[in-house]
Amino acid sequence: MRPEYAAPPNPFNLENPAILDIAPPEPKSLEETGLKMGLLSDIALRYLYYQGTATGMDIAQELRLPWPDVMERVVDFLTTEKLVDLRGGKGFGRASVDFVLSERGREYARGAIERSTYVGPAPVPIEQYNALITAQTEESPVISREDLVMGLSHLTVSADLMDKLGPAVNSGRSLFLYGPPGNGKTSLAEAISRMFGGEVFIPHCLEIDNQIIKVFDALNHTPVHLESERDAAGRRQTFEMDHRWQLCRRPAVVVGGELTLETLDLIYSPTARFYEAPFQVKANGGMLLIDDFGRQKVHPTDLLNRWIVPLEKRVDFLTLHTGKKFEIPFDQLLVFSTNLDPKELVDDAFLRRIKYKIEVGNPDEEVYREIFAQVCQAAGIPYVDQAVTYLFEHYYRPRNMQMRACHPRDLVQLIRDAARYRQIPPALSKDLLDQACEVFLVSL
């Protein structure tokens with residue numbers, strides 16, 4: 001008799017518990033952090049300067065580094081150099097003792113602030129980052145046709161389009177979605193991103209040549225907390241790892257008209273004196289969607305030329321304000337979405353580098369009816385097929401108008417608005433349809 005398959009333990013309810021197998025281990029010494037004493041001391045001094053008083057453990061928690069043998073050495077260094085004074089405390093040992101800056105320490109802290117104003121989790125050296133991102137790439141899931149059908153179930157997608165999307169998604173490289181506006185290109189890309197699921201490790205910030213680059217972004221990264229439910233004794237299980245990293249849902253970074261060449265490189269703040277990572281670094285391990293491609297302030301050719309090396313080599317090169325260039329992984333599904341004719345945007349040389357070019361066209365009458373029925377069900381309005389036939393015969397064909405996948409949603413919303421104004425139940429009646437169409441399906 002075959003033994004029953006036992007699923008691996010998953011106390012933190014992760015979508016991909018195997019990601020913890022490559023979790024960065026907690027550093028056991030200052031050397032294992034990969035950082036210099038001077039950089040860690042500067043962050044600690046700035047923290048004390050702004051905070052006023054803090055225990056050794058407070059400083060360790062702020063920098064997300066362990067106290068024994070790591071932050072303990074940093075605080076010992078500050079004490080030996082007479083940069084901090086002890087002000088007592090409630091417990092025993094330096095971990096629970098209150099520290100304040102000495103006069104000499106305040107002078108040093110002001111110097112540290114002139115170099116950078118950054119205070120927070122200690123950075124991860126670029127070498128450690130590159131190694132973990134490379135390991136994470138091997139954890140990328142394979143999306144089956146069943147996964148794709150389930151992930152796109154809230155949309156009406158033809159079998160032909162589904163079979164084109166599947167290989168493109170699994171390639172994990174680049175995808176060019178084009179076609180008329182209002183047919184769901186952005187919705188498709190966002191659904192694909194959610195389909196990947198799973199988790200990835202994101203560093204709070206990076207270090208290169210003693211410069212700090214902020215990566216974690218609350219707008220684009222959703223943290224996953226590694227803490228289990230309480231057991232019968234009221235205890236929680238936690239996972240030990242390097243807390244300079246944050247486990248997050250796979251990121252889906254969406255940029256549109258605000259994208260410029262400058263935002264694809266490190267963004268240095270002369271006031272804060274540290275860097276913000278560009279969009280493609282924040283998207284590593286997930287998806288980067290360039291929405292409304294061709295409507296950016298920068299010319300499409302210039303923008304696309306910027307992507308040629310990353311698309312081919314899977315690495316990018318960024319530049320510090322000192323002029324130093326360094327290599328960083330380019331590990332995301334890059335999706336371009338545009339309403340414009342691709343031939344007017346880019347040349348053949350670039351299109352060859354984007355392996356998957358998929359048109360998201362207008363729906364036919366059958367698909368349009370399916371979408372309308374789906375929208376009505378979601379809105380709680382009875383679907384009437386004859387009402388859609390009425391739309392075709394009295395509006396689309398006489399006015400020679402093209403159907404768009406977004407029209408049912410917009411028309412149903414207008415019907416609800418009109419019904420609310422008339423104080424009647426919303427329905428696909430001739431009066432309400434006519435009122436909606438006369439303000440929506442117009443030729444301007």
Side-chain angles (χ1 to χ4, degrees), residues 19-47 56-57 59-78 80-81 83 112 115-139 200-217 221 226 239-248 266 268 272-278 281-282 284-285 315-331:
I19 192 69
L20 298 184
D21 293 341
I22 61 168
E26 186 176 66
K28 302 300 183 186
S29 67
L30 190 65
E31 289 71 26
E32 286 186 12
T33 68
L35 301 172
K36 295 178 180 177
M37 175 68 80
L39 186 142
L40 292 174
S41 296
D42 275 4
I43 299 175
L45 286 170
R46 288 192 291 264
Y47 174 64
M57 189 56 71
I59 300 171
Q61 289 174 348
E62 178 68 16
L63 273 68
R64 304 290 204 282
L65 287 172
W67 170 257
D69 301 319
V70 182
M71 288 310 300
E72 185 176 22
R73 282 181 59 185
V74 175
V75 172
D76 283 348
F77 171 79
L78 297 178
T80 302
E81 294 297 315
L83 300 177
R115 289 187 287 274
S116 172
T117 61
Y118 177 79
V119 174
V124 172
I126 190 69
E127 297 82 8
Q128 293 182 13
Y129 174 78
N130 291 354
L132 184 55
I133 295 301
T134 301
Q136 274 189 167
T137 303
E138 300 174 3
E139 293 291 321
V200 294
F201 289 105
I202 304 288
H204 286 275
C205 51
L206 299 175
E207 179 271 335
I208 175 77
D209 273 11
N210 266 1
Q211 301 292 321
I212 293 176
I213 303 165
K214 190 171 178 291
V215 178
F216 179 83
D217 176 0
H221 298 132
L226 294 174
F239 185 76
E240 292 300 325
M241 56 170 279
D242 187 342
H243 293 289
R244 293 177 295 171
W245 296 80
Q246 174 66 59
L247 188 66
C248 297
L266 295 173
Y268 181 71
R273 293 178 288 285
F274 60 87
Y275 297 86
E276 184 80 20
V281 174
K282 294 180 180 182
N284 267 340
V315 296
D316 199 5
F317 292 91
L318 302 178
T319 309
L320 298 172
H321 74 285
T322 59
K324 180 183 177 64
K325 285 184 177 289
F326 63 95
E327 184 179 301
I328 196 165
F330 187 84
D331 176 43

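Counting from 1, the numbers follow the sequence of the chain as shown.
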Quiz prompt | Flag side-chain contact, heavy atom, 4.5 Å: P27 against P66 | solution = yes

Quiz item: How far does CE of M71 sit from CG of L40, to the nearest 0.5 angstrom?
Solution: 6.0 Å

Quiz item: So, Q128 side chain and T33 main chain: donor-acceptor pair closer than 3.5 Å or not?
Solution: yes

Quiz item: Taking side chain as C-beta onward, heavy atoms only, is F201 less than 4.5 Å from V124?
Solution: no

Practice problem: Please name the pair of heavy atoms, one in P329 and one in N130, separated by the smallest distance, quoted to 0.1 Å. | Solution: CD-OD1, 3.0 Å

Practice problem: Could you pull out all residues at least two apart from Y268 that satisfy ring-ring contact (aromatic ring centres under 6.0 Å, His included)? | Solution: Y275, H321

Quiz prompt | Sidechain-backbone polar pair: R46 side chain, Y118 backbone, donor-acceptor under 3.5 Å | solution = yes

Self-check item: Heavy-atom closest contact (V200 atom, G285 atom, distance)
Solution: CG1-O, 3.8 Å

Practice problem: Give the ring-plane orientation class for F216 versus H204, where under 30° counts as parallel, over 60° as perpendicular and anything between as tilted. | Solution: tilted

Quiz item: Hey, does the side chain of D331 reach the backbone of N284 with a donor-acceptor pair shorter than 3.5 angstrom?
Solution: no

Quiz prompt | Closest heavy-atom pair and its distance - A44, I59 | solution = CB-CG2, 4.0 Å

Quiz prompt | side chain to side chain contact (heavy atoms under 4.5 Å, CB included) between I213 and L318, worked out | solution = CA-CA 11 Å; I213 303 165; L318 302 178; 5.9 Å; no

Practice problem: Determine, step by step, whether V74 and L63 satisfy the side chain to side chain contact (heavy atoms under 4.5 Å, CB included) criterion, reporting the C-alpha distance in whole Å, the side-chain angles of both residues, the deciding distance to 0.1 Å, and the verdict. | Solution: CA-CA 11 Å; V74 175; L63 273 68; 6.0 Å; no

Quiz item: D242 and R64: which non-hydrogen atoms are nearest, and at how many Å?
Solution: OD1-O, 4.4 Å

Quiz prompt | Heavy-atom side-chain contact between L20 and L226 under 4.5 Å | solution = yes

Quiz item: If you look at every heavy atom in N210 and L39, which pair is closest and at what distance?
Solution: OD1-CD1, 3.5 Å

Quiz item: Which distance, rounded to the nearest 0.5 Å, do you find between the CG of D316 and the NZ of K325?
Solution: 9.5 Å

Practice problem: Kindly compute the distance separating CD1 (I202) from OH (Y129), expressed to the nearest 0.5 Å. | Solution: 6.5 Å

Practice problem: Look up atom CD1 in I328 and atom CD1 in I208, then write down how far apart they are to the nearest 0.5 Å. | Solution: 9.0 Å

Self-check item: For K282 against A277, the heavy-atom pair lying closest together
Solution: CE-O, 3.3 Å

Quiz item: Which value, rounded to the nearest 0.5 Å, describes the distance between L30 atom CG and L65 atom CG?
Solution: 8.5 Å

Quiz item: So which pairs with a foot in residues 22-33 pass salt bridge (Lys or Arg N to Asp or Glu O under 4.0 Å), sequence neighbours left out?
Solution: E26-K28, E31-R73

Practice problem: Could you name each residue pair satisfying salt bridge (Lys or Arg N to Asp or Glu O under 4.0 Å) that touches residues 33-44, not counting sequence neighbours? | Solution: D42-R115

Quiz item: Rounded to the nearest 0.5 Å, what separation is found between the CD atom of Q211 and the CZ atom of R273?
Solution: 11.5 Å

Quiz item: Going by heavy atoms in the side chains, are L266 and F326 under 4.5 Å from each other?
Solution: yes

